[in-house]
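Worksheet: one structure, shown below.
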Amino acid sequence: MLLIVSPYAKHNYTDHRVTDQSPILRFIEDNWNFGRIGNGSTDAIAGTLNGMFDFDDHEQSNTKLILNPTTGQPVGHDNGDDC
């Protein structure tokens, strides 16, 4: 099981593809332009994690999710406005 925690993670989404840890490394390499490790590393043939993200939802980038510190349940959002 792989859990994505990100403001860009798709909401209420479950991806049923079988994966290992290689796509995580590939995501880091692709996102920050590091290139491949090489030497037979499986990141070169790994699938991507991009299907688990929604980078087009610009509203999420300005919103913070507020969690109850005791239960971890969502209690609200902060959109960054101080008004």
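Note: hydrogens, waters and symmetry copies are ignored here, and every other heavy atom, side chains too, is used.
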Can Ile45 be reached from Leu25 by stepping across I, L, V, M, F, W or Y side chains whose heavy atoms are under 4.5 Å apart? no

Side-chain touch Ile66/Pro74, heavy atoms, less than 4.5 angstrom: no

With a 4.5 Å heavy-atom cut-off, do Ile4 and Asp15 have their side chains touching? no

What pair of heavy atoms forms the shortest contact from Ala46 to Ser22, and how long is it? CB-CB, 3.6 Å

Stepwise, does the side-chain contact (heavy atoms from CB on, under 4.5 Å) test hold for Leu2 with Leu49? CA-CA 10 Å; Leu2 176 65; Leu49 298 177; 3.9 Å; yes

State which residues pass side chain to side chain contact (heavy atoms under 4.5 Å, CB included) with Thr71; sequence neighbours excluded, sorted by chain then number. Asn68, Gln73

Name every donor-acceptor pair, under 3.5 Å, that has one atom in a side chain of residues 31-38 and the other anywhere in the protein, sequence neighbours excluded.
residue	atom	partner	partner atom	Å
Arg36	NH1	Glu29	OE1	3.0
Arg36	NH1	Asp30	OD1	2.8
Arg36	NH2	Asp30	OD1	3.0

Taking the side chain as everything from C-beta on, heavy atoms only, tell me whether Phe27 gets closer than 4.5 Å to Asn50. yes

Please give me the minimum heavy-atom distance between Lys10 and Phe53, naming the atom from each residue. CE-O, 3.4 Å

